[in-house]
Asks: 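Okay, handing you the structure first.
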Amino acid sequence: MADFSWEALPLRPELREARPYGAPQLDLPVCLNVNENPYPPTQAVIADMTAAVNQAAHSIHRYPDREARTLRSKLAKYLGHDLTTDQIWAANGSNEIWIQILGAFGGPGRTMLSFTPSYSMYPEYARDTHTGIVTTSRSEDYQITTAIALEAIAQYKPDVVAIASPNNPTGTLTDLDVLEEILAATTGIVVVDEAYQEFADAHSALTLLPQWPNLLVTRTMSKAFAFAGGRVGYVAASSAVIDALRVVRLPYHLSAITQAVASVALDHAEEMLAQVQYLKELREQTMVKLWGLDVTIIDSQANFFLFGPFPDPHATWQALVDRGVLVRETGVESYLRVCVGTGEEMSIFVNALSDVLTMERNPQ
Ligand SMILES: *Cc1c(COP(=O)(O)O)cnc(C)c1O
């Protein structure tokens, strides 16, 4: 069949040079590149999920609950902090949550501020919602200091401030007192992306919600919760903010199957999160092994960390791929990012890296 060329499409000009986002999905034995929990659900949870899908299939000819109230009430209970169903909203991954947030609070003539390096999707959310984006560099050790934040807010007067904490790709936290200074300094909303909060030893920004009507805290079931394939992200905020998101969401955006399976996962929260403590310990153990190889690590509160520096990080990435190990190039200069897999996967990673370093440091 004849096909048409991309170049000939009457595309929005800003999309002409764009290509679909995504980490390479290579079929390698050890994949440590997208920060998943490496442990599948237990047989008992799989059986309950299967039963829930079966149940949902009986009424699959009907539209799902547009408000996803059962799922949202379970998410509220999981988060605690006295949150109610009206203060929670859920969507297909926190990616979709962010598009809805910018759909409601961003848009043409409005600006989002982020502190780089940070999550590579933020500029895409902005672009797709016609929101302007401005960025300010973090400090040398990848922190957002009060001074950096307040200066940027005064300069740009953003409508939306985006803060990932722990931050991806650096793993660094933003302290709650810094967040409060930011919340007080802006007339816009502040979105704290806590995708990795379950891996952190720090209080959640959820504790600030009662005092700050302009605070939104996003979470995901994709990381610690071991539910990346299920596609559920969510946000906690005032019920007024949630009502605003309900205006811009597509009707019936969360399928009956998604709602049913995610509800089962939340009923088994303890089992879904059972490996989190172990993964945190494994993060520390892996860091120690890398220090032993004379590798520098950026201290992280997430289930991944940056390691380096490498004179040619792409060459090191490729050499690891050649040994069956997939890590991530994040654009942070001379560093690569690895996420914590199973104990066995981390041994394979450390051995492969040791091998690569020996080769790189002793060129023939
Ligand atoms: C992985 C990640 C998410 C999660 O995205 P989902 O769409 O929920 O899978 C959100 N924010 C950050 C910073 C992430 O790294």
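Atoms within each ligand, like the ligands themselves, are counted from 1 in listed order.
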Asks: Under 30°, 30 to 60°, or over 60°: which ring-plane class applies to Tyr119 and Tyr125, parallel, tilted or perpendicular?
Replies: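 If you compare the ring of Tyr119 with that of Tyr125, the planes turn out perpendicular.
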Asks: What does the list of residues with a heavy atom under 4.0 Å from ligand 1 look like, ordered by chain and number?
Replies: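 Ligand 1 pocket, heavy atoms under 4.0 Å: Gly93, Ser94, Asn95, Tyr119, Asn168, Asp193, Ala195, Tyr196, Thr220, Ser222, Lys223, Arg231.
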Asks: Could you tell me whether the side chain of Arg337 and the main chain of Asn33 form a donor-acceptor pair under 3.5 Å?
Replies: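 Confirmed, Arg337 side chain pairs with Asn33 backbone.
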Asks: Looking at Asp193 and Arg219, does any basic side-chain N land under 4.0 Å from a carboxylate oxygen?
Replies: no
Asks: Assert yes or no for the condition that the ring centre distance of Tyr122 to Trp98 is strictly below 6.0 Å.
Replies: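 Between Tyr122 and Trp98, the centre distance is under 6.0 Å.
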Asks: Looking only at the side chains, is there a donor atom on one of Glu360 and Thr316 sitting less than 3.5 Å from an acceptor on the other?
Replies: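 There is such a pair between these side chains.
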Asks: Out of the candidates Tyr39, Tyr78, Phe199, only one should pair with Phe225 under the ring-ring contact (aromatic ring centres under 6.0 Å, His included) rule; please name it.
Replies: Tyr78
